[in-house]
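Report on the following structure.
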Amino acid sequence: MIRKLLKWTGIVILSLVLLIAIVVASRQNLKFEAPYPDIKSTADSAIVAHGKEIAYGPAHCADCHYAGNADSVFKLGQEPALNGGRIFETPVGNFYVRNITSDPVTGIGRYTDGEIARVLRYGVRPNGTAVIDFMPFHNMSDEDLTAVISFLRSTKPVRNQVPDHSVTMMGRIVKAFMLKPVGPSEQVPKTIHRDSTAVYGRYLANSVANCVGCHTNRDMMTGAFIGEPFAGGLKFEEPGIPTLVSPNINPNTPGRIYGWSQIDFINRFRMGKLIPYSHMPWNSFKRMSDGDLKAIFNYLKSLPGSTAKAGTK
Ligand code: HEC
Ligand code: HEC
């Protein structure tokens, strides 16, 4: 009797495992619907220059899309090619950052403006599958998105075939059941006035420079925010280097920049990277204008005071 029961339990479990494996396999290339934003790139030199300023400054594309040390290239007064770069090693797999030079075979030259705009705004690749949400540009204005794509089109084509992502078994399960494209969290502005106000600072800190993404505690499995915005506490654990914890950057609470003046804040950014293994893209941010940095500071100043302890040091 017991033996029979065991046999049947075994068969049931085996069939279940098989069934799950089949479902997981069949859901690896799920396609998602998202609109193509109405964005048209241009060769207008002022717009291309604006796009370049965003890309190599607050949006720090080079920190991920360049494989070498972007900092050292910037230090030489040059601009790194965005020909594919870092490998993000995560428990769900290794992700290879793509080649986004204008190359028509291995870069963005093979995509339409709408396809590039859609992956940045809605997280849906040209082939309809979802990207993992590494990039924070969902709410970037139409005007800035146009400028960034115009800049990408203007780049020298570099042929570099980036390997496909390699996803672990756990990653395949996450991909099958949990991965959904992330889109805008609010009405995307057509254009946003570039000045030093908190309104513009809010835009930079949340939708372009991703200060919020690193300076807010998150659940490492899902990426969901679990801490108070800008109160820090996110752990950066990487084999081979000491663990860093992002500090609290709300200036109204006793965190890292409590008591800093606007000048202190700008001066700190002008120094660039001081901790060599820091994850913060200091050398891209160092290129931001005084106006942009003032805007971010004014925005941080406008945050409510908090009692959050995380990252307070
Ligand atoms: C934090 C790292 C990071 C930053 C910063 C970043 N990217 Fe990416 N980008 C990625 C990763 C990772 C992928 C691959 C995503 C995937 O395929 O799931 C990617 C993919 C892309 C793609 C899709 C390319 C393709 O062939 O599928 C485009 C276009 C792109 N990035 C443009 C940009 C631009 C423009 C910027 C700056 C404005 C930027 N990225 C900044 C990490 C980053
Ligand atoms: C990729 C993650 C990441 C991003 C994006 C990021 N930071 Fe950081 N930040 C860190 C880490 C990690 C540290 C601690 C190590 C260090 O000081 O470099 C840090 C430190 C800081 C410090 C303290 C510096 C000091 O010397 O005490 C300030 C101020 C700061 N960040 C502000 C910002 C602002 C403003 C933005 C957006 C413009 C931003 N960070 C974006 C990860 C990030």
Side-chain angles (χ1 to χ4, degrees), residues 51-52 54-66 70 82 84-88 90 93-101 103 106-111 113 115-121 123-127 129-137 140 144-145 147-149 151-152 155 162 164-165 167 175 179 181 201 204-206 208-216 230 232 234-236 238 242-251 255-257 260 264-265 267-269 271-282 284-286 288 292-293 295-297 299-300 311 313:
K52 184 175 183 172
I54 301 173
Y56 283 132
H60 60 281
C61 315
D63 282 270
C64 296
H65 284 276
Y66 174 67
L82 304 175
R86 291 174 49 179
I87 307 168
F88 283 97
T90 75
N94 291 348
F95 296 91
Y96 296 83
V97 185
R98 318 316 297 170
N99 177 355
I100 55 167
T101 67
D103 186 61
T106 60
I108 50 96
R110 62 197 145 142
Y111 305 140
D113 291 340
E115 284 170 339
I116 304 171
R118 186 174 76 159
V119 71
L120 294 175
R121 184 168 290 170
V124 176
R125 295 195 186 95
N127 70 6
T129 55
V131 297
I132 301 208
D133 196 32
F134 283 100
M135 296 182 284
F137 312 121
M140 186 180 269
D144 286 354
L145 202 51
V148 166
I149 296 175
F151 159 64
L152 294 182
T155 56
V162 172
D164 287 339
H165 306 314
V167 183
K175 216 173 147 191
L179 182 64
L204 286 179
N206 291 280
V208 184
N210 206 23
C211 319
V212 71
C214 287
H215 286 277
T216 305
F230 304 99
L234 186 63
K235 264 203 196 113
F236 292 82
E238 218 179 293
T243 296
L244 282 171
V245 179
S246 62
N248 176 356
I249 55 163
N250 180 336
R256 182 70 64 84
I257 73 169
W260 284 21
D264 295 335
F265 188 78
N267 287 345
R268 174 63 191 89
F269 275 82
M271 283 179 216
K273 194 168 276 191
L274 299 181
I275 299 176
Y277 47 84
S278 173
H279 298 75
M280 179 157 155
W282 282 107
S284 292
F285 291 160
K286 191 180 172 181
M288 278 196 266
D292 285 1
L293 288 170
I296 294 175
F297 187 74
Y299 166 62
L300 294 175
K313 53 178 182 168

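Everything quoted here is computed from the prediction, not taken from an experiment. In what follows, residues are counted from 1 in the order of the sequence shown. Counting convention: from 1, in listed order, for ligands and their atoms alike. Note: hydrogens, waters and symmetry copies are ignored here, and every other heavy atom, side chains too, is used.
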Below 4.0 angstrom from a heavy atom of Tyr111, which ligand 1 atoms are there? Numbered from 1 as shown, please. 25 (C), 26 (O), 27 (O)
Any N or O of Tyr96 that comes nearer than 3.5 Å to an N or O of ligand 1? no
Check whether any side-chain heavy atom of Phe265 sits under 4.5 Å from a side-chain heavy atom of Ile296, and report yes or no. yes
How far is atom 13 (C) of ligand 2 from the closest protein heavy atom, and which atom is that? Pro247 CD, 3.6 Å
Protein heavy atom at shortest distance from atom 24 (C) of ligand 1: Arg98 CG, 3.6 Å
Do any of the N, O or S atoms of Cys211 sit under 2.8 Å from atom 8 (Fe) of ligand 2? no
May I ask you to check if ligand 1 and His60 share an N or O to N or O distance below 3.5 Å? no
In terms of atom number and element, which parts of ligand 1 are under 4.0 angstrom from non-hydrogen atoms of Ala59? 5 (C), 37 (C), 38 (C)
Taking only heavy atoms of Ile132 into account, list the atoms of ligand 1 that are under 4.0 Å away from them. 18 (O)
Where is the nearest protein heavy atom to atom 1 (C) of ligand 2: which residue, which atom, and how far? Cys214 SG, 2.7 Å
Quick look: Phe230 vs ligand 2, heavy-atom contacts under 4.0 Å, and the answer is neither
Please name the pair of heavy atoms, one in Phe230 and one in Asn248, separated by the smallest distance, quoted to 0.1 Å. O-OD1, 3.2 Å
Against heavy atoms of Phe236, which atoms of ligand 2 measure under 4.0 Å? 2 (C), 12 (C)
Here the pair of heavy atoms bringing Asn250 nearest to Leu300 is OD1-O, 4.3 Å
Within the 4.0 Å heavy-atom shell around Asn210, which atoms of ligand 2 are there? 5 (C)
Whether Asp63 lies under 4.0 Å from ligand 1, heavy atom: no
Of the side chain and backbone of Ile100, name the one, both, or neither that has a heavy atom under 4.0 Å from an atom of ligand 1. side chain
To check your reading of the model: name the closest protein heavy atom to atom 26 (O) of ligand 2, its residue, and the distance in Å. Arg268 NE, 2.6 Å
Using heavy-atom distances, let me know which of Gly57, Ala130, Pro281, Cys61 sits nearest atom 38 (C) of ligand 1. Cys61
Does Phe265 reach ligand 2, in the sense of a heavy atom lying below 4.0 Å from it? yes
Nearest non-hydrogen protein atom, atom 15 (C) of ligand 2: Ser278 OG, 3.5 Å
Nearest non-hydrogen partners of Ala209 and Phe285, listed with the distance: O-CZ, 3.5 Å
Ring pair (Phe, Tyr, Trp, His ring centres under 6.0 Å) between Tyr277 and Phe236, worked out: CA-CA 10 Å; Tyr277 47 84; Phe236 292 82; over 10 Å; no
Output field for angle at atom 8 (Fe) of ligand 1, His65.NE2 vs Met135.SD, rounded to 10°, should show 170°
Heavy-atom nearest neighbour in the protein, as seen from atom 4 (C) of ligand 1, with distance rounded to 0.1 Å: Cys64 SG, 3.3 Å
What is the name of the N/O/S atom of His215 that is nearest to atom 8 (Fe) of ligand 2? NE2
Specify the protein heavy atom at minimum distance from atom 12 (C) of ligand 1: its residue, its atom name, and the distance to 0.1 Å. Phe134 CD1, 3.3 Å
Which pair of non-hydrogen atoms, one from Pro136 and one from Val208, has the smallest distance, and what is that distance? CG-O, 4.0 Å
Please write down residue, atom name and distance for the protein heavy atom closest to atom 28 (C) of ligand 2. Ile249 CG2, 3.7 Å
Counting neighbours of NZ on Lys273 that are heavy atoms of other residues, nucleotides or ligands and sit closer than 6.0 Å, is the number greater than 12? yes
Within a distance under 4.0 Å of any heavy atom of Leu120, pick out the atoms of ligand 1 and give their elements. 30 (C), 32 (C), 33 (C)
I need the single residue from Trp282, Phe297, Trp260 that forms a ring-ring contact (aromatic ring centres under 6.0 Å, His included) with Phe269. Which is it? Trp282
Atom 11 (C) of ligand 1 [closest protein heavy-atom partner, distance rounded to 0.1 Å]: Val97 CG1, 4.0 Å
About how many Å separate CG of Asn210 and CZ of Phe134, when rounded to the nearest 0.5 Å? 12.0 Å
Quick one: CE on Met140 to CD1 on Ile54, what's the gap to the nearest 0.5 Å? 5.5 Å
What residue and atom, counting heavy atoms only, is the protein's closest point to atom 23 (C) of ligand 1, and at what distance? Val119 CG1, 4.0 Å
Identity and distance of the protein heavy atom lying nearest atom 41 (C) of ligand 2: Phe285 CE1, 3.5 Å
Which of the numbered atoms in ligand 1 are under 4.0 angstrom from any heavy atom belonging to Val148? 35 (C)
Ligand-side contact atoms (ligand 2) for residue partner Ile257, heavy atom cut-off under 4.0 Å: 29 (C)
Any luck finding a side-chain donor-acceptor pair between Thr129 and Asn127 under 3.5 Å? yes
Counting only nitrogen or oxygen atoms and a 3.5 angstrom limit, does Arg125 reach ligand 1? yes
Close-contact set for ligand 1 against Phe137 heavy atoms, below 4.0 Å: 36 (C), 37 (C), 38 (C), 39 (C), 41 (C)
Considering heavy atoms of the protein only, find what lies nearest to atom 17 (O) of ligand 2 and give residue, atom and distance to 0.1 Å. Ile275 CD1, 3.9 Å
In the protein, what heavy atom is nearest to atom 35 (C) of ligand 2, and what distance, to one decimal place, separates them? Phe269 CZ, 3.5 Å
Is there a heavy atom in Met140 that sits closer than 4.0 Å to ligand 1? no
Met280 backbone or side-chain N/O/S under 2.8 Å from atom 8 (Fe) of ligand 2: yes
